[in-house]
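Treat the numbers as computed from the prediction; the structure is a model and nothing was measured. FYI, side chains are in, hydrogens and waters are out, and symmetry mates aren't considered; it's all heavy atoms of this structure.
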Amino acid sequence: MKVSVYSLIILLAILFANCNDVEDRREDVVKDDDKKEIVNKEVPKPVETINCDFNLTMLKVGEEKNIDCIIDLKGNTINLANNVILSYANGGDIINGSINFSGDKSKIDGRLLNSTLSINGEVSLLEDVFVFNPSRWGNIVEGKVNYEVALENTKEFEQLMFRISDIGGETFEVDQFDAFFEIATVTSTTSDQNFRTTKEAINLPSNFHLKMSSNTYIRMFNSITDATNGSLMAVRDVDNVKISGGNLIGDALERKYKSDSPGEEGALLFSIHASRNIEVDNVHFEYGSAGGITIFSLGFPFNTDYNPTDGVVIKNSTFENLRRMSTSVTDGKNIKIIGNRYVNTGQPVVEGDNGGNVGYAINLETFRRRDENGELLEFQRLKGVEIRDNVEENSRIGFLLVLGSSDVIAENNTAETRMSFNFSNGVRVLNNKFIGRKLAKEKFAIFGAGESSEFTFDNEISGNRITGNYGTGISLLTQKCKVFENIIKNSEVGIQLITSKEVEISDNILDVNNIGILSNLTFIDKVSIIENIIESKGFYLKLTSVNQEVAHNNFQIDLERNQFVNDASITISNVNGLNLNNNEIEGGINLSTASSVNITSNIIKPNESNGISISGSYSDTSILGNKIFEPTGADRFECINNTLEVSSGITILNNVCN
């Protein structure tokens, strides 16, 4: 094809005008030499393509045309014949105008779309994958920008994704891209000027996959000056959305907090609001000033307009240096949090910051109360959450907190801190590893609470391996809970019981530094401790001042068929309602003041101690049929050392001293 001098002059004029337009947009870009990751990239030079020598209006019905040249519409609008297909070839482009399509088979190649071309009418993408090339969208500016440009970025980027979805785009691919977005401004043009987090965020449409690469950075513009919680990106009442790859970066390093107690302040990185079938895969979340992801619903469960989030998968992602919480869920069902990495949740990220409220990597929490008629009002409802195969490091408080939730499974996670549940039912803490750290010495690995709540029942702690430097392995202030097949090593205390009822503790292995099982200054009832193996450098079992109120008269604790396997001791002091039966004890028992205590049919092998030492006062207490080996050590040690002057209230019969 021959090119006239006149055509070359026109082409150069177009290119010069485009460059000037880019430079005009770049005037708002602020250089930031201190942040290496923020780079104002040069706009790639356009392919040297000549002007087209044909007119689009000349295309026939159903014709497919390869665009391998430049068509400058010069601000005009053209109408195409029915069912025309425009495809891309060799750097072709259509710029500066509008095209009206017609016919339900009209198509356009996504590579021809750009910010200067408007398309209207019945048209769809030639392929369902759209590749976003930032250099073709001058209305979306990369790099550090001012408030107005960041706000415009939010509008334009969101509108582009929705427009791509409207014309059949299912996957929106982004590679090299680094831009700031303002999400704290009320943009409604109606009289409703209330701030709504998920409306002002960058929203994603239904049936859509935002596919980003490790070179994609979506950043929050730091313009928030009050406590309003915004969200960088969101899905709101949509279906079938996936977001994968990329980096969502918050404003925690730059944010200025309104008050002296900024615990609730900040903005999130991603919100899942009353949506269905949502997947988050391999996304890096960092520096969210109020956290990473939050999941919640529209309306209340007791109203007819309740619209719950249903079906969320968060997997293979990294949550790092996030204030408050990394992942929070307050309402929804069928939620899976799988294979993620949580680092430094709730830790202060700048001087003077307290890290925000909560401090757990994952927080499942609902609100409910009873009305004046005693009817339960669930303002939030959470049911069916799986938390599996995650790794947590250095959270300020803990890895997982479950409050007011049902049917939650936490399995095969590796936690450096702790897990807790309270006022919940159907919680399963299974087969997790708790590796601890030096700062965990005064803390627990697992805490079960809700001892008097009607909502606390059917919970389970099993198969966990607690090997870190914990003050207590498992602390229970709960009811209707089973604790079995756990291994606890290195902790100061293995299992602690406080105001607990209907708890079964069985088949656990405890190898601790101080006390195997501890209960002190409390009450416990219907607690069975069966077939555990306990080793301790201090006490196997220490029960002191347990069940001492009148209301506790009929309370009961059963310890049966346990193996106490080294030279520690059992201490029972001021205890009511205990059966210590059929256990194997390498060591001795110290009994001091008791009521309704039965020590029966145990095998006791004292080493440098008495087999059973008896002191204090008693009622309804018996020591019957125990087999006690001759104590080792000094001659002063006896199988049964009874210092009572009056043996009323206690029966000692049929014990054998070998």
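- Looking at Asp458 and Asn425, their side chains never bring a donor and an acceptor atom within 3.5 Å of each other.
- When all heavy atoms are compared, the tightest approach of Leu382 to Glu365 is CD2-N, 4.3 Å.
- Separating the CG atom in Asp281 from the NZ atom in Lys315 is a distance of 4.5 Å, to the nearest 0.5 Å.
- Between Leu232 and Ile218, the closest heavy-atom pair is CD2-O, 3.3 Å.
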Check against side chain to side chain contact (heavy atoms under 4.5 Å, CB included), Ile243 and Phe270:
CA-CA 10 Å; Ile243 172 176; Phe270 193 72; 4.0 Å; yes

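- In this structure, the separation between CD1 on Ile612 and OG on Ser569 is 13.0 Å, given to the nearest 0.5 Å.
- In this structure, a donor-acceptor pair under 3.5 Å is present between the side chains of Glu411 and Asn431.
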Is there a salt bridge (charged side-chain N to carboxylate O under 4.0 Å, His left out) between Arg341 and Glu392 once you walk through the steps?
CA-CA 6 Å; Arg341 183 168 176 252; Glu392 175 263 339; over 6 Å; no

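- Contact between Leu510 and Gly494 at its shortest, heavy atoms only, is CD2-CA, 4.0 Å.
- The nearest pair of heavy atoms linking Val512 to Ser491 is CB-O, 3.2 Å.
- At a cut-off of 3.5 Å, with distance as the only test, a side-chain donor of Thr345 or Ser326 sits close to an acceptor on the other residue.
- Other residues, nucleotides and ligands contribute more than 12 heavy atoms inside 6.0 Å of the NZ atom of Lys242.
- By the 30° and 60° cut-offs, the orientation of the rings of Phe367 relative to Phe379 is tilted.
- In this model, a donor atom of one side chain and an acceptor atom of the other lie less than 3.5 Å apart for Asn607 and Thr632.
- Looking only at atom types and distance, the side chain of Ser506 has no donor-acceptor partner in the side chain of Glu504 under 3.5 Å away.
- Between Ser289 and Asp251, the side chains place a donor N or O and an acceptor N or O closer than 3.5 Å (distance only, hydrogens not considered).
- Ser297 and Asp331 share a side-chain donor-acceptor pair at under 3.5 Å.
- Under a cutoff of 6.0 Å and an axis angle of 45°, Arg418 and Phe444 form a cation-pi pair.
- Side chains of Glu560 and Asn562: no donor on one and acceptor on the other come within 3.5 Å.
- Asp353 pairs in a salt bridge (Lys or Arg N to Asp or Glu O under 4.0 Å) with only one of the listed residues (Arg323, Arg396, Arg324), which is Arg323.
- Using cut-offs of 30° and 60° on the angle between ring planes, the pair Phe319 and Tyr342 is parallel.
- Closest approach of Asn610 to Phe637, counting heavy atoms only: OD1-CA, 3.3 Å.
- Of the N and O atoms on the side chains of Thr294 and Ser328, at least one donor lies less than 3.5 Å from an acceptor on the other residue.
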In sequence, state the C-alpha distance, the side-chain angles, and the governing distance for Asn464 and Val429, and then conclude on side chain to side chain contact (heavy atoms under 4.5 Å, CB included).
CA-CA 8 Å; Asn464 300 285; Val429 182; 3.8 Å; yes

Side chain to side chain contact (heavy atoms under 4.5 Å, CB included) between Leu248 and Val283, worked out
CA-CA 7 Å; Leu248 270 58; Val283 180; 4.1 Å; yes

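- For the pair Arg255 and Tyr287, the cation does not sit on the ring face, since its NZ or CZ is not both under 6.0 Å from the ring centre and inside 45° of the axis.
- Asn514 and Glu492 are not linked by any side-chain donor-acceptor pair at a separation below 3.5 angstrom, with hydrogens and angles left out of the test.
- When ring centroids are compared, Phe455 and Phe423 stay outside the 6.0 Å threshold.
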For Val313 and Ile278: C-alpha separation, side-chain torsions, deciding distance, then whether side chain to side chain contact (heavy atoms under 4.5 Å, CB included) applies.
CA-CA 6 Å; Val313 178; Ile278 308 301; over 6 Å; no

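- Inspection of the Asn641 and Ser613 side chains reveals no N or O donor paired with an N or O acceptor under 3.5 Å.
- Closest heavy-atom contact between Leu430 and Glu460: CD2-OE2, 3.1 Å.
- Between Phe285 and Leu268 the shortest side-chain heavy-atom distance does not fall below 4.5 Å.
- Relative to the ring axis of Phe539, Lys542 places its NZ or CZ within 45° and under 6.0 Å from the centre.
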Yes or no on side-chain hydrogen bond (donor to acceptor under 3.5 Å, both in side chains) for Ser595 and Asn576, after CA distance, side-chain angles and deciding distance?
CA-CA 5 Å; Ser595 61; Asn576 171 70; 2.8 Å; yes

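- A side chain to side chain donor-acceptor pair (under 3.5 Å) with Asn340 is found for exactly one of Asn316, Asn390, Asp389, namely Asn390.
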